[in-house]
Amino acid sequence: MTNGAAEGRAGTPVATPEGRGRNPREYGSGASSVTATKEYSHPEQQSLMEAVVGRENMLAAYKRVRANKGVPGVDGMSVNDVWGYCTLNWARIKEELLDGRYEPQPVLGVEIPKPGGGVRQLGIPTALDRLIQQALHQVLSPIFNPHFSESSYGFRPGRSAHQAVLKAREHAAAGKRWVVDMDLEKFFDRVNHDVLMARVARKVKDKRVLVLIRRYLQAGLMQGGIASKRKEGTPQGGPLSPLLSNILLDDLDKELERRGHAFCRYADDCNIYVQTKRSGERAMASITRFLTERLKLRVNADKSAVDRPWKRKFLGYSMTWHTQPRLKVAPSVVKRLKQAVREEFRRGRGRSLKKTIDTLAPKLRGWMNYFKLAEVKGVFEELDMWIRRRLRNILWRHWKRPYARARNLIRRGLTEERAWKSAINGRGPWWNSGASHMNQAFPKKYFDSLGLVSLQDQLRKAQSVR
DNA sequence: GGGGCTTGAAC
RNA sequence: CUUGUUCAAGCCCC
Ligand SMILES: Nc1ncnc2c1ncn2[C@H]1C[C@H](O)[C@@H](COP(=O)(O)OP(=O)(O)OP(=O)(O)O)O1
Ligand SMILES: [Mg+2]
């Protein structure tokens with residue numbers, strides 16, 4: 001039934017001599033509770049750093065870093081510059097890495113707004129450090145990922161938000177109709193270095209790698225002025241950070257599994273499905289204690305709650321109250337899309353309809369592609385009508401004079417009498433774009449022919465493929 | 001199977 | 001000074 005097969009870049013190149021043949025598909029789906037950890041461990045435990053700086057691995061890392069557009073870090077060096085820089089200084093950098101002497105540079109602090117309001121502090125390493133972290137990531141990922149929980153879906157190759165959402169619905173359908181929805185406060189920023197490193201050290205024996213990772217954690221955040229060493233947090237923007245965050249929260253997964261909970265975790269968003277409110281509240285209390293005491297993490301009280309699944313949103317989705325719940329797009333997400341579409345129209349005010357559709361259509365396609373799991377389809381019909389109305393609106397605005405309006409309406413097949421009546425009705429563009437003459441003159445078919453595939457049509461197509 | 005470009009989503 | 005991981009779709013190429 002696993003329809004979303006692991007394709008694309010799921011198979012991160014593994015640069016180890018023995019590790020190369022592993023199937024990316026089974027890569028993320030390690031057997032639950034494996035005791036023979038040695039078996040899956042990296043073949044070169046004592047010389048992991050050699051694997052990191054190995055030619056194959058570095059080339060793969062560089063390719064990846066370049067594929068992301070990236071920005072210059074604090075040293076102002078672009079990704080392209082790094083290639084030249086590395087070929088010139090690689091011998092020295094490699095030696096520093098192998099000797100455990102390499103010192104990372106501070107990360108560049110950038111504030112970006114987040115959707116829910118508030119700001120997110122990004123910590124962007126230099127292009128060179130992104131390259132090295134990427135190389136580390138490629139070596140560490142196959143060591144840790146196979147041992148992660150089946151219920152962990154975030155930041156993992158071969159795992160997706162879709163899988164998590166489907167599993168969540170499954171839990172609710174199985175009669176666990178209460179959810180403990182937990183989110184951590186400033187998750188990456190509050191990662192405790194010692195707690196994390198202890199967990200990394202459980203599988204990584206190479207001291208140089210451990211020291212390097214710690215130095216990356218300690219690298220200061222450059223905020224205009226100078227930066228000082230960090231005592232907590234892993235930079236939001238470091239290629240290694242997502243993997244590290246999973247290594248840290250793996251203990252949470254193991255604890256939840258030990259207690260026999262049905263749960264889905266995606267990054268710091270953890271949903272535990274239970275049968276009663278009481279048991280939910282109990283779980284919430286004890287897991288909160290576990291997180292603060294054992295992992296030194298804080299639960300975000302505002303974003304966390306024990307409630308009914310249909311009152312909560314998980315990964316952009318929500319669900320209905322039925323005993324067999326149906327997935328729906330979370331209301332806040334619909335609002336966000338409308339806002340984005342409005343913004344798109346505002347920016348392209350002077351553009352032709354065709355041009356507007358050409359930029360809008362790929363965005364809607366991508367959006368629909370993510371929310372194609374929604375089984376409540378009313379929103380899509382509503383959005384389709386809303387979008388077409390806005391498009392008719394910009395058409396109407398193009399026609400400044402009654403004569404132009406009448407001419408265009410006639411050209412679209414309206415009778416002369418009706419066209420002229422509408423052309424001079426004196427109403428505003430928004431009224432007219434919803435009026436019957438515009439709907440008749442510019443029906444759905446018209447927009448289809450211009451390349452606007454309606455959300456509903458896209459959904460039907462996606463479901464026929466499935 | 002692999003590579004390129006674009007778009008979207010989750011965090 | 002919009003970064004990172006992951007997933008996916010569309011188009012193009014071998
Ligand atoms: N755009 C992004 N780039 C890099 N890392 C991200 C991005 N979005 C989310 N993350 C990572 C870092 C976050 O700490 C982690 C969890 O996301 P999120 O819960 O939305 O924020 P947060 O935990 O940092 O703050 P909050 O207290 O509001 O929950 O996922
Ligand atoms: Mg959080």
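Each chain gets a letter, A, B and so on, in the order its sequence line appears, and its residues count up from 1.
Per the geometry, CD1 belonging to I124(A) stands 15 Å off C1' belonging to U5(C), to the nearest Å. At whole-Å resolution of the value, NZ in K114(A) and P in U3(C) are 18 Å apart. The separation between K63(A) atom NZ and dG3(B) atom C1' is 7 Å, rounded to whole Å. The CG atom of D358(A) sits 15 Å away from the P atom of C11(C) (whole-angstrom rounding). If you measure from atom CG of L166(A) to atom P of C7(C), you get 16 Å, rounded to the nearest angstrom. Rounded to whole Å, the distance from CD on Q463(A) to P on A9(C) is 15 Å. U3(C) atom P lies 20 Å from atom CG of L244(A), rounded to whole Å. Counting to the nearest Å, the C1' atom of G4(C) and the CG atom of N246(A) are 13 Å from each other.
With distances taken from any side-chain atom of V110(A) to the nucleotides C1(C), G4(C), U6(C), the minimum falls on C1(C). In the set U2(C), C7(C), U5(C), U5(C) carries the atom at the smallest distance from any side-chain atom of H137(A).
Listed by first then second residue, pairs satisfying ring pair (Phe, Tyr, Trp, His ring centres under 6.0 Å) with a partner in residues 443-466 of chain A read F442(A)-Y446(A), not counting sequence neighbours. Residue pairs meeting the side chain to side chain donor-acceptor pair (under 3.5 Å) criterion with at least one member in residues 302-311 of chain A: none, sequence neighbours excluded. Among pairs with a residue in residues 221-231 of chain A, none fulfils salt bridge (charged side-chain N to carboxylate O under 4.0 Å, His left out), at least two apart in sequence or across chains. Residue pairs that meet the side chain to side chain donor-acceptor pair (under 3.5 Å) test with at least one member in residues 328-337 of chain A, sequence neighbours left out, do not exist here. Every pair tested for ring pair (Phe, Tyr, Trp, His ring centres under 6.0 Å) that includes a residue from residues 333-353 of chain A fails, sequence neighbours excluded, so the list is empty. Counting only residues at least two apart or on different chains, the side chain to side chain donor-acceptor pair (under 3.5 Å) pairs with a member in residues 348-367 of chain A are E344(A)-R351(A), E344(A)-T359(A), E344(A)-K363(A), K354(A)-D358(A).
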5'-to-3' dot-bracket of RNA chain C (Watson-Crick, G-U; under 3.5 angstrom; crossing pairs as [ ]; | other strand)
...|||||||||||
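Salt-bridge check for K254(A) with D251(A): failed, with every basic side-chain N at 4.0 Å or more from each acidic carboxylate O.
You'll find the ring centres of Y273(A) and H261(A) outside the 6.0 Å limit.
The stretch residues 231-241 of chain A comes close to RNA chain C through Q236(A), G237(A), G238(A), P239(A), each having a heavy atom under 4.0 Å from the strand.
Residues meeting the salt bridge (charged side-chain N to carboxylate O under 4.0 Å, His left out) test with D253(A), sequence neighbours left out: R265(A). Residues forming a salt bridge (charged side-chain N to carboxylate O under 4.0 Å, His left out) with R120(A) (at least two apart in sequence, or on another chain): none. For R342(A), there are no salt bridge (charged side-chain N to carboxylate O under 4.0 Å, His left out) partners at least two apart in sequence or on another chain.
Closest-nucleotide positions on RNA chain C for L243(A) and E111(A) were compared, and the one nearer the 5' end corresponds to E111(A).
Of the C1' atoms belonging to C1(C) and dT7(B), the separation is 24 Å, rounded to the nearest Å.
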Could you go over nucleotides 8-11 of chain B and give all protein N or O partners under 3.5 Å, atom names and distances?
from	atom 1	to	atom 2	distance (Å)
dA10(B)	OP1	R336(A)	NH1	3.4
dA10(B)	OP2	R336(A)	NH1	3.4
dA10(B)	O4'	Y370(A)	OH	3.4
dA10(B)	N3	Y266(A)	OH	2.7
dC11(B)	O3'	D268(A)	OD1	2.7

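Ring-plane geometry between Y370(A) and Y317(A) is classed as tilted, the angle between the planes lying from 30 to 60 degrees on a 0 to 90 degree scale.
Using a 4.0 Å heavy-atom distance criterion, P115(A) is classed as making no nucleic acid contact.
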